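Taking it in order: structure first as structure tokens, then the write-up.
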Amino acid sequence: SAEDDFYAVSLGWAENASGQRQKTGFTESFEKFGVTNFSIVDANYDPVRQTEQICAFIAKGPKALFITPSDPTGIAEAVKEAVDAGIPVYLSDGFVSGADAVSTVLFDNYACGKTTMTYLCDRLQEKYGAAEPIKIGMIMLPSNESWHQRDLGAEDVLSQEKYQNIEVAYTWSWDSTGAVTPSSTISTWLAADTAKELRGVWCAWDGAAFEGLVLTGETRPEIMYTGCDGGEECWNYMINYPDSFVMSAGENIYSMPRSLVQYAMSYNEGKTVPRLVLVEGYAVTSKMIGEVNSIRDYKVGDKTAWELLLDYDLPGNVDLLNQALTENGLTDNLWIPSI
Amino acid sequence: MKRYLSDRLPVVLFALLFLAVVVTFQCLQPTFLSSANIVNMMQSVSTTVIAAIGLTFVIAIGRSDISFYMSCCFCGVLMAWLVSLGWHPVPAILCGVAAGAAWGSVSGFAVGKLKLPDIITTIAIGSIAFGLGYLFSDGAFIMQNFIEAKTHYLSQYLVLGIPLPVYVMAAVMVLSYYLLERSRFGRAFYAVGATEKAAYLSGVNVNRTIVLAYVICGTLASVAALIMTARQGYGNVKIGMNLLMPCFTAVYIGMSVFKRPCVVGTALGALLVTAIATGFTSINIPFYVSNLVTGFVLILAILLSKVVVREKQPRMAAKEAGRT
Amino acid sequence: MKGTRISGRLIRMEYALLMVLLLVFLLFSLLCGQAFYQVYNLMNILKAAGSIAILVLGLTWVIGANEMDASFPEVASCASMVFALLLNGKTDPMLAAGASLLVGVGFGCLTSLLVVRFRFHSLITTIATSTIAGAIANILYNGSVLSIKGLNSAALYKFFGRTVLGFPIVFVIAIGLYAAAFLVQEKTRFGHYVYALAENRQAVTEAGVKSGRVLTAAFVLSSFFAAFGGIVYVLTVYKSGQPSMGSSFFLNGFTIVFLGAMALRLGKANVVGTFIGALVLSALTSGLTMLGSGFAVGQVIKGLLLIMGVAVVTAYRRKIVPKGSKMKYE
Amino acid sequence: MSYILEMRGIRKSFGGLAALDGADLCVAAGEAHALLGINGAGKSTMIKILSGVYGRDAGEIRLRGEPVQIASPKDALACGISAVYQDPQMVESYTGYENIYLGNEGGRERMLAGVNRRRLRTMARELVARYPFDIDVEKPVYLMSSVEREIIAILRALSKECRVLVLDEPTSILTEKERHTLFAFIHTLKQSGVSIIYITHHLDEVAQVCDSFSVFRNGRSVCREAISGGAVDCGHIAELMLGERLSQLYPPRAGQPGRRVCLCAEGLTLDGRFENIAFEARCGEVLGIFGLVGSGIDELSKVLVGAIGESSGTLSKGGQPLKLASPAAAIRSGLYLVPGNRKTEGFLHNLSIAFNVTVVRLDKVVRRLGIVDRRLETSAAAALTEKLSIVTPTVQKKVNELSGGNQQKVVIAKGLFAEADAYIFCDPTVGVDVGAKSGIYEMIRTLAAKAAVVIISSEPEEVLGNADRVMVIYQGRVTLRKDATDTTLKEMLVHAIAREEVRAG
Ligand SMILES: Nc1ncnc2c1ncn2[C@@H]1O[C@H](COP(=O)(O)OP(=O)(O)OP(=O)(O)O)[C@@H](O)[C@H]1O
Ligand SMILES: Nc1ncnc2c1ncn2[C@@H]1O[C@H](COP(=O)(O)OP(=O)(O)OP(=O)(O)O)[C@@H](O)[C@H]1O
Ligand SMILES: [Mg+2]
Ligand SMILES: [Mg+2]
């Protein structure tokens, strides 16, 4: 029976909003389907540990094995082993090539980088014109294959003719040794920027933008940031620094575990399930967030606007949000699933 | 005079090395020595210096501490959690620092009172502290209330154009210098580090000194972690995980230059490493290239200090001279 | 094994870690049932233990000689990157492996040159060499993971996928290496001097032993096995060059070696202990995963295990040393 | 005369300071040659050059007339030169036989050459059987007494093909009986053609074992003389060493017995070490406690300042009872122990003379806010180095860079700085030359004028020569209690190895 069946989740990390949402997503979905016998463990970004954990799960023979890869290539062998052992494997937020997972749900990181960079460039050109050179900085994340796609997307935008006046004056990649942090990097840029010419900073993840905002939010509010990931704290920063933190691309994290658990249930019933799904993402501007914030307590159905916002990645919630905005006559910034 | 020179020579050579680094970066990036960048470097180095000075006390008593960089993670999480509950940052910070002292005293008790071997014991205690911090926060970033509570003032607030952490660093340096190198209490640390039995018979309270060194180390590490948490703008259990290497590097550079663990040496060691990292960041060169340079400069720094030491330690030097 | 053959009670103490290992297996077998003690899982545990054991084999003697080597994780990542880069450049896998091992030996030579010839402190030296090794690992492919193409068809890869009598080949190799290492440690001058050096360097030097050579050998072996381990991990786990794989091994490596110090030679790192330590840790990871605990629980349990072990060993050591004129603070 | 070993014109300086300045040392085959000189004269440096521990700046070494190159301990051993240093280094957890054959395990010399422990054990047993020592070579060294260690060190030297054996102050920790065993043994060695270089500060020993002697002064050899008829003129040698005649070793005793009881112990007992020890030390006189190594005197000295063990009994000073809490408490209440083993208990390694001296009473050199006044510190330390004539360029020199005897003087200087009113000196002159010895004794006598002084020592002459009243301890019990003028060395020695117990009072 479904109650005795064992389900296993191996998270590459439980850290930060994305890890937490994966965890909650799996827990809630299991509850929804009445699964009580499940394990969720995390490997703290360590492919070796995750490999060992996957092997231990293989030994327990779960009905389905869900994996968020800490490093897609690093755990490929273990995933293959699980597949070979006949365990249905479901991958979330990372693609493992060469392994025959039942189903993989991904976020389009490339598009994410592209969207945020385009928005940043447009906003800057709108403000400073398309003729004068505009200096920006980029904080990138090449150490993880999936996340590196965001950098590539952003770089792709800059190669376009119409953004010729956008000049990347500073770049920095995440330092795995931690000796240099985004915060200290941006400080260094600011120190070098004696003429105060730095106009914007594109960040491959929201955390970097937060660290920058702590530095410049009050002293150099004209510097615009974009980030990637979304989530409650991101909205908070946008509300607090609406002119500085202009956009984040909200990844639809909840829907990954939710849809994967659902697929697993269907698959176990013998149904066919999609092999590869790209989840929706949302580009969220500070203007949208500001408007939702202004009707924070307005209720649509049994949820307030803010509650809807917090669960932006539950299917249908965006429509409800848009409904709330329209009902309040705030139609300028309707939410559109854009990625 | 000669002796004076031979004692000062490593310091002079180190100063030259430092100068070379600074001049190189100044040529590559003219804003390197701008007041803004100096303030920026001071701010980035402040946390390393604060934690490394704590470690200096432990090295002075002839022990090592591998727990401080993990236990301070616990403190960062604790403070972040209290802030997220809506506490005012000041009591939250005090609690974090108290937790640092508590973890330090656990290490101190194990090493000083129970006489367990230092490295292995502190690795164990550090693992436990970090594990608990991780379990407590579930590894999640703690962000609630951070903007509202204005915790970033702790790292951002300017007094006379200089951010607060620099003052904290200066205060820690002055106090530690006084405590370790000028006051009568500091003598106990060096005495214990030199010859324990002799120190005991000379009236030094050996066990208390050991415990105290670890408490200072844990406390200062937690201060560093709290500043970093404030700077980052959210609580993250891994906040201190990268303090280990820079702190040991700083203390040992200082030791090789000044021939004993000391506050100024530690601070200079940290500054050298930070100057290189900052310099490379300002000319857009990735961290791994700067690490390559850091590694070689580190070796060079110690090599320079050995130029003189070789003469002062005849036992081996003579043997080697005999062989070649 | 000397100095510990004093009383019957001590003999038992030497095997305490083995008891811990049995206990861990027993406990998890009880808690997780057949899933844990089935052959498949046991073999996985042996495989994981074998890999990490190979990686820290040399480190054991550096710590045994009372020195430090903080560079082994980064040397492993550097070797993995060199290996991956060479394989992608169509180098013969054996040749690539040989070259990567040479890189390891190179780092060992650099470290020992500084420690032995220039009398650097080993901890700071290896921090420096580890920074350099890590930097090179990153520079080789701009800080990104380098996946290896066409690895599946390489004979070396297939070899590491094999089993001997059902045992994973990595474990068999580890057993072989550790058996040889045990002989070296117990029966040769090298082992004899390593532990003598740890206690009294001056005594060994005055006795006319070229202690520099012993230390050099220890550091070179440490880096060599780190590189070896790096390659093993590439072939069995990563299938790619990993510039920052080092962070996986730092704490675990030391925990294993120090945990191992509780076996055989009370309080001194030794190969038998290290091997058992690796088994304990792998069993722990496996069992805790089955019980649904992530890495943090393991971290706390490892810490507790370590500290309990140290406390027991220290207490026993105190008992065997004659009371005599021990000062009050001691 | 043909010498087997000739060292000529040896020069060696340490950072500008010449330790040896053209010294010679010649030894004939089969003779025991004493190497004498005050502390810091360069004796140890000379033999460390001979045994390859240090390189030399100039000079040559000839063995049987042939010049030899000695660049490492290994070379020295190959030339048949073995040395037993004053403080033999051992690998504590290794057994006696493993220590004897350390670095010399036989077989080929490669790293991977096997170590056959069974063979080593048999060889060690055979070696022991050849000499008049009684020792269990299978015991780990950390369980051995200091005498057993010394024997292991000598056996180690003898285990090698050895034509010249250097003994650097071998007797300072041996008991009288063992000393004689050693002497007899040296005679056997001489007969088998081994030459011995014997360094000591005990001039009486020179006559007993040596055939000739050299005296070093200021890094030069001042003379080489033969000893005829088994007698030496100590006054003459002392004059050669010091450059002036030593009037007398021990200062005159106090005219009258001290009246005020300053330090009073009753029923002191430490389980398994000593039992029911009582004494009174009066201001103005010196109380001497004599006992052989292992008789419990070392522990007694430490119990007195509260450094070891759960002991029972009472101790009072000036009528006030003292709690035996810790050395710190003892120093606060004016009781100071000058400990015996300088290397581990006496001074702080790698720290300056000034640091070492002032650490016992920092309150004397602090300014406001507990800051140590460096000028005050330097001048206080300088005054003491002058007073004790410690040979050093500055008080900033690290104590471990001083010669052994000068290190000992620093340990005494700490005591003087403590300005206590009761002192316990434990083996105060180990490794100190005669000139400095008399200086230290004089210092002790001066101290006794204002404070109670107890000398605890395993050298009977030292006790008898300095003390006004004498106590002898055997196996943790007081066996003799007399005025110094009423007893003799012989009586003291007899009680130090006999059983008869003397009741307190
Ligand atoms: N390693 C060293 N560094 C600096 N100075 C040294 C060193 N070794 C010896 N000296 C100096 O050389 C001189 C001779 O020292 P040496 O140890 O040979 O004297 P010694 O005759 O053995 O004295 P003692 O009777 O005290 O043992 C001393 O002044 C000493 O301070
Ligand atoms: N770590 C060190 N650094 C520098 N010099 C040292 C060191 N250890 C010893 N020495 C020098 O080596 C010389 C010989 O040292 P050793 O320990 O043999 O003392 P010693 O002179 O033989 O003492 P004693 O007079 O008690 O026999 C000393 O003069 C000392 O200055
Ligand atoms: Mg000497
Ligand atoms: Mg000597």
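Letters go in sequence order (proteins before strands), and every chain restarts at 1. A quick note: this is a predicted structure, and the numbers were derived from the prediction, not measured.
Less than 6.0 angstrom separates the ring centroid of C:Phe295 from the ring centroid of B:Tyr134.
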Exercise for the section: Could you walk me through whether C:Phe118 and B:Ile302 pass the side chain to side chain contact (heavy atoms under 4.5 Å, CB included) test, one step at a time? Expected result: CA-CA 9 Å; C:Phe118 293 103; B:Ile302 308 172; over 6 Å; no
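With a 4.5 Å cut-off on non-hydrogen atoms, C:Val297 touches chain B through its backbone and its side chain both. Using a 4.5 Å cut-off between heavy atoms, C:Thr255 contacts chain B through its side chain alone, with no backbone atom that close. Interface residue C:Ile132: backbone and side-chain heavy atoms are both found under 4.5 Å from chain B. Only the side chain of C:Leu123 comes within contact range of chain B, judged by heavy atoms closer than 4.5 Å. With a 4.5 angstrom heavy-atom cutoff, C:Leu114 touches chain B only via side-chain atoms.
Between C:Glu74 and B:Asn291, the closest side-chain pair of non-hydrogen atoms is not below 4.5 Å. Contact check for B:Pro117 versus C:Val310: side-chain heavy atoms found under the 4.5 Å cut-off. Side-chain contact between C:Met327 and B:Val206 is absent, with no heavy-atom pair separated by less than 4.5 Å. When side chains are defined from C-beta on, C:Phe250 counts as touching B:Met245, because their heavy atoms get closer than 4.5 Å.
For the set C:Met68, C:Lys328, C:Gln299, the entry with the most heavy-atom pairs within less than 4.5 Å of chain B is C:Gln299. Ranked by heavy-atom pairs under 4.5 Å with chain B, the first of C:Ile139, C:Thr125, C:Thr129, C:Ile63 is C:Ile139. Chain B forms more heavy-atom pairs under 4.5 Å with one residue of C:Thr131, C:Leu259, C:Ile136 than with any other, namely C:Thr131.
Looking at every heavy atom in both residues, B:Lys115 comes nearest to C:Thr314 through O-CG2, 3.5 Å. Of all heavy-atom pairs spanning C:Ala311 and B:Leu116, the tightest one is CA-CD2, 3.7 Å. Counting all heavy atoms, side chain and backbone alike, B:Ser127 lies closest to C:Gly303 at CB-CA, 4.2 Å.
Remark: side-chain polar atoms of C:Tyr329 are not paired, donor with acceptor, to backbone N or O of B:Asn205 under 3.5 angstrom.
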